[in-house]
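Note that ligands are numbered from 1 as they come in the structure, with each ligand's atoms numbered from 1 the same way. Index from 1, following the sequence.
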Amino acid sequence: MDNVKILDKEFSIYLTEEQILKEVKRVATEINKDYKDENPIFMGILNGSFMFASDLYKDITLDSQITFLKLASYEGTSTTGKIKRLIGINEDIKDKTVIIIEDIVDTGNTLDSIIKQLRGYEPKEIKLVTLLYKPEAYTKDFTIDYKCFDIPNDFIVGYGLDYDGYGRNLRHIYKIIE
Ligand code: 5GP
Ligand code: MG
């Protein structure tokens, strides 16, 4: 498959749409099995997870809801660094099982911030499903419950993930050529 150029950078194919959808189906099947007696609420984190959330949710057969959240730009600072505020929670998630849908977990800082804020709404439990996970970069200890792919520390784009806002429309996932 051809390389793609986005802005000033060149990328080569890393995971094809076919490979992606196969893993998405595998993970959805696991979730369907694990929550067969429950009605979890899925929460996609925008923007990056929109394509993954869409494909994953088509394979979910549970009686369930999906909603989308966004991390708003910096809302002041704390001693531990910048905190992004999680916006868009309109549902009552108290005592419900929440399944976060992420595109990629890198250092885990974003996930950490999302989980800390969601805990304030007192859900029964918070689980995570991520398309991509970079084990070498991860610094947190929250369990990655479901993941499609472990990937090395390379910058990737496509299938919802961007480079400077571009490349989200690519149906395959591409890796930067250094
Ligand atoms: P973390 O907070 O776990 O370090 O990073 C998570 C966020 O960084 C992701 O939600 C994503 O926006 C961005 N990110 C991390 N690695 C990559 C990557 O390889 N490609 C793209 N496009 N975004 C990434
Ligand atoms: Mg993200």
Which of the numbered atoms in ligand 1 are under 4.0 angstrom from any heavy atom belonging to Asp154? 19 (O)
By the definition side-chain contact (heavy atoms from CB on, under 4.5 Å), identify the one residue from Ile100, Leu128, Val105 that meets it with Phe142. Leu128
Taking only distance into account, with no hydrogens and no angle test, what donor-acceptor pairs under 3.5 Å do side-chain atoms of residues 149-160 form with protein atoms, sequence neighbours excluded?
from	atom 1	to	atom 2	distance (Å)
Asp150	OD1	Lys147	NZ	3.0
Asp150	OD2	Lys147	NZ	3.4
Tyr159	OH	Asp55	OD2	2.6

Hey, which atoms in ligand 1 end up nearer than 4.0 Å to a heavy atom of Phe155? 18 (C), 19 (O), 20 (N), 21 (C), 22 (N), 23 (N)
Sequence neighbours left out, cut at 3.5 Å: what donor-acceptor pairs do the side chains of residues 111-119 make with other protein atoms?
from	atom 1	to	atom 2	distance (Å)
Asp112	OD2	Lys116	NZ	2.8
Ser113	OG	Gln117	NE2	3.1
Gln117	OE1	Leu86	N	2.9
Gln117	NE2	Lys84	O	2.7
Gln117	NE2	Ser113	O	3.4

Glu38 (side chain) donor-acceptor with Tyr35 (main chain) under 3.5 angstrom: no
State whether the shortest distance between N or O atoms of Leu111 and N or O atoms of ligand 1 falls below 3.5 angstrom. no
Contact check: Gly108 vs ligand 1, nitrogen or oxygen atoms, below 3.5 angstrom: yes
Would you mind finding which of Asn109, Asn47, Asp106 brings a heavy atom closest to atom 15 (C) of ligand 1? Asp106
What atoms of ligand 1 come within less than 4.0 Å of a heavy atom belonging to Thr107? 1 (P), 2 (O), 3 (O), 4 (O)
With a 4.5 Å limit on heavy-atom distance, are the side chains of Asn47 and Lys70 in contact? yes
Check whether the side chains of Glu125 and Thr97 place a donor and an acceptor atom closer than 3.5 Å, and report yes or no. yes
Taking it one step at a time, do Glu30 and Lys33 satisfy salt bridge (Lys or Arg N to Asp or Glu O under 4.0 Å)? CA-CA 5 Å; Glu30 265 185 69; Lys33 185 156 68 71; over 6 Å; no
Proximal atoms of ligand 1 relative to Thr110 (non-hydrogen, under 4.0 Å): 1 (P), 2 (O), 5 (O), 6 (C), 7 (C)
Please identify which atoms of ligand 1 are closer than 4.0 Å to at least one heavy atom of Ile156. 18 (C), 19 (O), 20 (N), 21 (C), 22 (N)
Ligand-side contact atoms (ligand 1) for residue partner Asp162, heavy atom cut-off under 4.0 Å: 21 (C), 22 (N)
A student comparing Ile104, Asp164, Ile176, Asn153 should find that the heavy atom closest to atom 11 (C) of ligand 1 comes from Ile104
Using a 3.5 Å distance criterion without hydrogens, assess whether the side chain of Asn3 forms a donor-acceptor pair with backbone atoms of Tyr174. no
Report, in ascending order of atom number, the atoms of ligand 1 lying under 4.0 Å from any heavy atom of Asp103. 10 (O)
